[in-house]
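Here's the structure, in structure tokens; my notes come after.
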Amino acid sequence: MILVTGGAGFIGSNFVLDWLSASDEPVVNLDKLTYAGNPANFASLSGDARHIFVQGDICDRALIASLLQQHRPRAIVHFAAESHVDRSIHGPGDFIRTNVDGTFSLLEATRAYLAGLTDTDKAAFRFLHVSTDEVFGSLGPDDAPFSETTPYAPNSPYSASKAASDHLVRAWHHTYGLPVVTGNCSNNYGPLQFPEKLIPLIIANALAGKPLPIYGDGQQVRDWLYVGDHCSALRRVLEAGRLGETYNIGGWNEKANIDVVHTLCALLDELAPRERSYSELITFVTDRPGHDRRYAIDARKAERELGWRPAETFETGMRKTVQWYLDHQDWVRQIQSGDYMQWIDRNYSQRTGAAE
Ligand code: NAD
Ligand code: TYD
């Protein structure tokens, strides 16, 4: 069996659902259920003995030690993190605690567990660390995309905490021989993404007739990857990634934020028409402090070594995503509780805005 951390969040729950649809190998899913963790994400696994959910904190080393002893996994896939840049600007403490201290605690518990395994089991074990392209900082318009050898230059509290976790993972391999592999992935989108991130936030606001906030001039570029493609890449890294190596994972899909939002509006105009186009709701608002201008991934190593390429194009992935949110408006409504509205107020009320 495998141990997944953060499997109640966006990518983790997609990974668990994909994993159990493709194999019968059980999953222990450890998640603290912060605001971002949602048991409804794996409601379809209710009663499925292959999925064991444990509510707990990755900083709790005793809990992790006991889970490892009890379930004896052959791999850990580590998603659990605080993941939203804007929240890291408002309150970086939780990011240092979970992303840095939590990864440290997981590495130490894993090291102790491996000491008790046979050489064969130890050789087969994998610690797969799920990270981000944001650790590389920001690209200029003509710079080559990030490769695995691009120097780290994180700019936000979020990316700095992920960079720190990547360094710990690397060091635990180098010093203690921990069998690690790391994926550095670009921006994901797709079903089950919490509506604080750009794409689900725009869909939710559009359907509610609310302004669609674009930070700054909207010309910031991200390299968008459909979440199912990230999950398939991670399965390949787990199967065939070389120990101690990092793999950049991306969609070959660079888009400016304003173009992403126009694409969403056009899809909504088609799939959920209203009197006037949704694009009328676009509103430029005060920029994010320290906003990275451009991310882009060179994913040739993953293709060369793992034979992985994304299956979805931006067009097919965005259409599936918009349709999923239209079909799951209850899921969104359930999240839009008091906590969520407080966050929206905190992040957006201070930003001045102007319609496009
Ligand atoms: P998310 O915020 O949707 O989910 C994070 C999950 O971790 C939640 O279920 C939360 O409850 C859980 N969690 C948080 N703190 C915890 C703790 N201390 N102990 C146990 N569980 C805890 O995040 P996501 O978008 O699914 O991202 C998952 C991972 O992928 C993160 O490590 C993130 O850095 C990385 N990543 C995300 C993206 C993206 O575009 N979303 C891109 C590249 C990499
Ligand atoms: P986000 O989804 O928060 O991901 P990240 O910051 O990790 O890239 O944001 C994606 C891009 O969209 C980023 O450039 C910030 C921008 N953005 C907006 O313009 N408006 C918004 O309301 C949000 C949440 C993000």
Side-chain angles (χ1 to χ4, degrees), residues 4-15 29-39 41-42 54-60 63-64 77-89 94-95 97-99 101-103 105-106 129-135 138 156 158-159 161-162 165-166 182-190 192-202 205 211-225 227 230 234 248-250 255-258 260-261 282-288 290-295 297 343-344 347-348 351 353:
V4 168
T5 72
F10 163 48
I11 307 173
S13 59
N14 274 283
F15 181 86
N29 182 352
L30 171 66
D31 195 298
K32 187 180 175 184
L33 298 183
T34 68
Y35 78 93
N38 185 354
N41 293 357
F42 46 71
V54 179
Q55 183 172 4
D57 191 328
I58 55 166
C59 298
D60 183 347
L63 170 67
I64 296 166
V77 186
H78 175 32
F79 294 95
E82 290 292 335
S83 69
H84 188 35
V85 174
D86 292 317
R87 287 192 193 245
S88 82
I89 295 168
D94 285 347
F95 287 72
R97 184 181 174 278
T98 287
N99 301 1
D101 280 353
T103 301
S105 121
L106 212 50
H129 179 54
V130 180
S131 192
T132 165
D133 62 354
E134 303 194 25
V135 296
S138 185
S156 72
Y158 164 64
S159 56
S161 68
K162 290 297 291 187
S165 72
D166 292 9
T182 295
N184 290 96
C185 190
S186 61
N187 284 63
N188 285 216
Y189 68 98
L192 301 168
Q193 187 168 29
F194 193 86
E196 64 185 353
K197 305 282 168 63
L198 178 70
I199 287 178
L201 180 109
I202 293 295
N205 279 20
L212 311 181
I214 310 268
Y215 297 165
D217 63 3
Q219 293 302 326
Q220 301 80 10
V221 170
R222 300 291 183 263
D223 177 352
W224 293 96
L225 180 70
V227 64
H230 187 191
L234 291 173
N248 280 7
I249 302 165
K255 303 280 177 202
N257 292 339
I258 185 68
V260 170
V261 174
I282 291 176
T283 305
F284 288 90
V285 300
T286 311
D287 207 349
R288 172 188 279 173
H291 198 171
D292 283 339
R293 199 70 186 159
R294 175 176 167 236
Y295 304 142
I297 280 276
W343 163 251
I344 294 295
N347 192 40
Y348 294 98
R351 296 175 193 265

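Whatever order the structure lists them in is the order used to number ligands and atoms, beginning at 1.
Of the listed options Arg351, Arg222, Arg288, Arg288 places a heavy atom closest to atom 9 (O) of ligand 2.
The distance criterion of under 3.5 Å between nitrogen or oxygen atoms is not met by Arg97 with respect to ligand 1. By the 3.5 Å distance cut-off applied to N or O atoms, Ala80 is not counted among the residues near ligand 1. In terms of polar-atom proximity, defined here as any N/O pair under 3.5 Å, Tyr158 does make such a contact with ligand 1. Taking only nitrogen or oxygen atoms, main chain and side chain alike, Ser131 does not reach within less than 3.5 Å of ligand 1. Taking only nitrogen or oxygen atoms, main chain and side chain alike, Asp57 reaches within less than 3.5 Å of ligand 1. Checked by distance only, ligand 1 and His78 stay at 3.5 Å or farther apart across all their nitrogen or oxygen atoms. Geometrically, ligand 1 and Tyr35 share no nitrogen or oxygen pair separated by less than 3.5 Å. When only interatomic distances are considered, the shortest N/O to N/O separation between Glu196 and ligand 1 does not fall below 3.5 Å. No N or O atom of Leu30 sits closer than 3.5 Å to an N or O atom of ligand 1. Looking at Trp224 next to ligand 2, no N or O pair under 3.5 Å apart turns up. Ligand 1 has no nitrogen or oxygen under 3.5 angstrom from a nitrogen or oxygen of Asn187.
Of all protein heavy atoms, the one lying nearest to atom 10 (C) of ligand 2 is Leu198 CB, 3.9 Å. Atom 40 (O) of ligand 1 has as its closest protein heavy atom Asn188 N, 2.8 Å. Of the protein's non-hydrogen atoms, Asn257 ND2, 3.4 Å is the one closest to atom 16 (C) of ligand 2. Among all non-hydrogen protein atoms, the one lying nearest atom 22 (O) of ligand 2 is Tyr348 OH, 2.6 Å. Looking only at protein heavy atoms, the nearest one to atom 25 (C) of ligand 2 is Tyr215 CE1, 3.6 Å. Of the protein's heavy atoms, Ser186 O, 3.2 Å lies nearest to atom 42 (C) of ligand 1. Protein heavy atom in closest approach to atom 4 (O) of ligand 1: Gly9 CA, 3.4 Å. Atom 31 (C) of ligand 1 has Phe79 O, 3.1 Å as its closest protein atom, hydrogens excluded (heavy atom only). The protein non-hydrogen atom at the shortest distance from atom 4 (O) of ligand 2 is Asn187 ND2, 3.3 Å. In this structure, atom 7 (O) of ligand 2 lies nearest to the protein heavy atom Glu134 OE2, 2.5 Å. Among all non-hydrogen protein atoms, the one lying nearest atom 27 (O) of ligand 1 is Ile11 CD1, 3.8 Å. The single protein non-hydrogen atom nearest to atom 32 (O) of ligand 1 is Lys162 NZ, 2.6 Å, given as residue, atom name and distance. Distance from atom 23 (O) of ligand 1 to its nearest protein heavy atom, with residue and atom name: Ser83 OG, 3.2 Å. When only non-hydrogen protein atoms are considered, atom 8 (C) of ligand 1 lies nearest to Asp31 OD2, 3.5 Å.
Here the side chains of Asn248 and Asp133 are not in contact, with every heavy-atom distance at 4.5 Å or above.
Put simply, the side chain of Ser13 never gets that close to the backbone of Phe42: no donor and acceptor are under 3.5 Å apart. At distances below 3.5 Å, not a single donor-acceptor pair connects side-chain atoms of Asn99 with backbone N or O atoms of Arg97. Side-chain N or O atoms of Gln220 include none that pairs as donor or acceptor with a backbone N or O of Arg293 at under 3.5 Å.
In summary, the atoms of ligand 2 found under 4.0 Å from a heavy atom of Lys197, numbered by their order in the structure, are 2 (O). For ligand 2, the atoms lying closer than 4.0 Å to a non-hydrogen atom of His291 are 13 (C), 14 (O), 15 (C). Of all atoms in ligand 2, listed by their number and element, those nearer than 4.0 Å to a heavy atom of Glu196 are 24 (C). Atom numbering of ligand 1 starts at 1 in the shown order; those under 4.0 Å from a heavy atom of Val130 are 30 (O), 32 (O). Counting the atoms of ligand 1 from 1 in the order shown, those under 4.0 Å from a heavy atom of Thr34 are 10 (C), 11 (O), 14 (C), 15 (N). Atom numbering of ligand 2 starts at 1 in the shown order; those under 4.0 Å from a heavy atom of His84 are 3 (O). Contact atoms of ligand 2 toward Ile214: 19 (O) (distance under 4.0 Å to a heavy atom of the residue). Set against the non-hydrogen atoms of Gly6, the atoms of ligand 1 under 4.0 Å away are 6 (C), 7 (O). Residue-ligand proximity, Gly37 to ligand 1, at heavy-atom distances under 4.0 Å covers atoms 8 (C), 9 (O), 11 (O). Residue contact check: Leu33 has heavy atoms under 4.0 Å from atoms 11 (O) of ligand 1. For ligand 1, the atoms sitting less than 4.0 Å from at least one non-hydrogen atom of Gly56 are 19 (N), 20 (C), numbered in the order shown with element in parentheses. Remark: ligand 2 atoms within the under-4.0 Å shell around heavy atoms of Pro213 are 18 (C), 19 (O), 20 (N), 21 (C), 22 (O).
Counting all heavy atoms, side chain and backbone alike, Pro213 lies closest to Leu201 at CG-CD2, 3.7 Å. Contact detail for Cys185 and Leu225: the closest heavy-atom pair is SG-CD2, 3.6 Å. Heavy-atom minimum distance, Leu212 versus Ile202: CD2-O, 3.6 Å. Minimum heavy-atom separation, Val130 to Lys162: O-NZ, 3.0 Å.
For the side chain to side chain donor-acceptor pair (under 3.5 Å) with His129, the qualifying choice from Thr182, Asp166, Thr103, Asn184 is Asp166, the only one to do so. Residue His84 is tested with Phe10, Tyr35, Trp343 for a ring-ring contact (aromatic ring centres under 6.0 Å, His included); the sole match is Trp343.
Between Tyr158 and Phe95, the angle of the ring planes goes over 60°, which puts this pair in the perpendicular group of the 30/60° scheme. Taking the six-membered ring for Trp and thresholds of 30 and 60 degrees, Tyr215 and His291 have ring planes more than 60 degrees apart, a perpendicular arrangement.
In this structure, Ser13 does not count as a contact residue of ligand 1, since none of its heavy atoms falls inside 4.0 Å of the ligand. The shortest separation from a heavy atom of Gly7 to ligand 1 is not under 4.0 Å, leaving the residue out of contact.
Residue-level proximity to ligand 1 for Trp224 is absent, since no heavy atom of it falls below 4.0 angstrom. With a 4.0 Å heavy-atom cut-off, ligand 2 is reached by no atom of Thr132. By the criterion of a heavy-atom distance under 4.0 Å, neither the backbone nor the side chain of Tyr158 is placed next to ligand 2. Contact annotation: for Leu201 versus ligand 2, heavy atoms closer than 4.0 Å belong to the side chain alone.
Atom CD1 in Ile258 sits 9.5 Å away from atom CG in Asp217 (nearest 0.5 Å).
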Arg351/Asn347 under side chain to side chain contact (heavy atoms under 4.5 Å, CB included): CA gap, chis, key distance, verdict
CA-CA 8 Å; Arg351 296 175 193 265; Asn347 192 40; 3.0 Å; yes
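Looking at Glu134 and Tyr295, their side chains do bring a donor and an acceptor atom within 3.5 Å of each other.
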